[in-house]
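Encoded as structure tokens, the structure appears first; notes follow it.
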Amino acid sequence: MDAVGEVGQDALGAHAHLVFVTKYRRGAFTDPMLTRCGQIMTEVCDKFGATLTEFTGETDHVHLLIHYPPTVQLSTLVNSLKGVSARYLRQEFPDHIQKYLWGNHFWSPSYFAASAGGAPLAIVAEYITNQKRPEPTQESDPATRDRAIQNQLPPGPQGPGFL
């Protein structure tokens, strides 16, 4: 879909700049997690007939620029984006996320949403692209990260009731 979609003979297009923050603003994101989060959010947008135009983030939040059809309620799309991404990220990066977030929480319940129609889309896209993304580190590589975590963990409790 282009910047302006077509429904019947009417040209329609709605753009939103969204910001989702991790629970307690904990810096849980790594570069590979942000990459995977962008993939998940692209898939969710596709299912809604929306387009994820820009995506990036920092260690504690993500920015999205979304084009969505008028038939989609933004709040419904946001709930799906946050819910699906939280579920998949917790499944795929459990050890890392557990260091920063506990329970079933991932995202803060609030979010920022602004219509992106006021500023030229190129400016909003440039702002999102220029966010400071965390650099890939040896810790973010799953193969070396798991070994490093095992070497850092103290021995667990012993005795009845403990596995």
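Residue numbers run from 1 in the order of the sequence given.
- Closest of all the heavy-atom pairs between Pro69 and Gly49 is CD-O, 3.4 Å.
- Applying the 6.0 Å contact sphere to OH of Tyr88 captures no more than 12 heavy atoms from other residues, nucleotides or ligands.
- Looking at heavy atoms from C-beta onward, Leu81 lies in side-chain contact with Cys45 at the 4.5 angstrom threshold.
- Although no hydrogens or angles enter the test, the distance criterion places no donor-acceptor pair under 3.5 Å between the side chain of His67 and the main chain of Leu52.
- Other residues, nucleotides and ligands contribute more than 12 heavy atoms inside 6.0 Å of the CG atom of Asn130.
- Taking NZ of Lys23 as the start and CD1 of Ile97 as the end, the distance is 15.0 Å to the nearest 0.5 Å.
- For the pair Tyr24/Trp102, a side-chain contact is recorded, criterion being any heavy-atom separation below 4.5 Å from C-beta on.
- Surrounding CD of Gln98 are at most 12 heavy atoms belonging to other residues, nucleotides or ligands under 6.0 Å away.
- For the side-chain hydrogen bond (donor to acceptor under 3.5 Å, both in side chains) test, residues two or more places apart in sequence or in another chain that qualify with Ser110 are Ser108.
- Two different hydrophobic clusters hold Val21 and Val78 under the rule that ILVMFWY side chains link at heavy-atom gaps under 4.5 Å.
- To the nearest 0.5 Å, the span separating OG1 on Thr53 from OH on Tyr68 amounts to 12.0 Å.
- Annotation: the span from Ile128 atom CD1 to Ile123 atom CD1 amounts to 12.5 Å, rounded to 0.5 Å.
- Both Leu74 and Met41 sit in one connected hydrophobic cluster of ILVMFWY residues. Membership requires side-chain heavy atoms under 4.5 Å apart, directly or through other members.
- Contact of the Leu34 side chain with the Val62 side chain is registered, since non-hydrogen atoms from C-beta on lie closer than 4.5 Å.
- Residues forming a ring pair (Phe, Tyr, Trp, His ring centres under 6.0 Å) with Phe20 (at least two apart in sequence, or on another chain): Trp107.
- The minimum heavy-atom distance linking Phe93 with Pro32 is given by the pair CZ-O, 4.1 Å.
- Taking Phe55 as the reference, nothing meets the ring pair (Phe, Tyr, Trp, His ring centres under 6.0 Å) condition, with sequence neighbours excluded.
- Between Arg87 and Phe106 the shortest side-chain heavy-atom distance does not fall below 4.5 Å.
- Residues passing the salt bridge (Lys or Arg N to Asp or Glu O under 4.0 Å) test with Arg90: none are found, sequence neighbours excluded.
- Side-chain contact between Phe29 and His96 is absent, with no heavy-atom pair separated by less than 4.5 Å.
- Within the structure, the salt bridge (Lys or Arg N to Asp or Glu O under 4.0 Å) test picks out the following pairs touching residues 48-68 (sequence neighbours left out): Arg25-Asp60.
- With a 4.5 Å cut-off on side-chain heavy atoms, Val19 and Tyr111 do not count as touching.
- The side-chain hydrogen bond (donor to acceptor under 3.5 Å, both in side chains) search around Thr35 returns Arg133, not counting sequence neighbours.
- Side-chain atoms of Arg26 do not come within 3.5 Å of backbone N or O of Leu101 as any donor-acceptor pair.
- Atoms CG and OH, on Leu65 and Tyr127 in that order, are 12.5 Å from each other to the nearest 0.5 Å.
- Qualifying side-chain hydrogen bond (donor to acceptor under 3.5 Å, both in side chains) partners for Gln73, counting only residues two or more places apart in sequence or in other chains: Thr76.
- Counting only heavy atoms from C-beta outward, the side chains of Leu18 and Ile66 approach each other to under 4.5 Å.
- Looking at heavy atoms from C-beta onward, Val44 lies out of side-chain contact with Ser85 at the 4.5 angstrom threshold.
- A distance of 10.5 Å separates CE in Met33 from OG1 in Thr59, rounded to the nearest 0.5 Å.
- Annotation: side-chain hydrogen bond (donor to acceptor under 3.5 Å, both in side chains) contacts of His63 (sequence neighbours excluded): His17, His61, Gln131.
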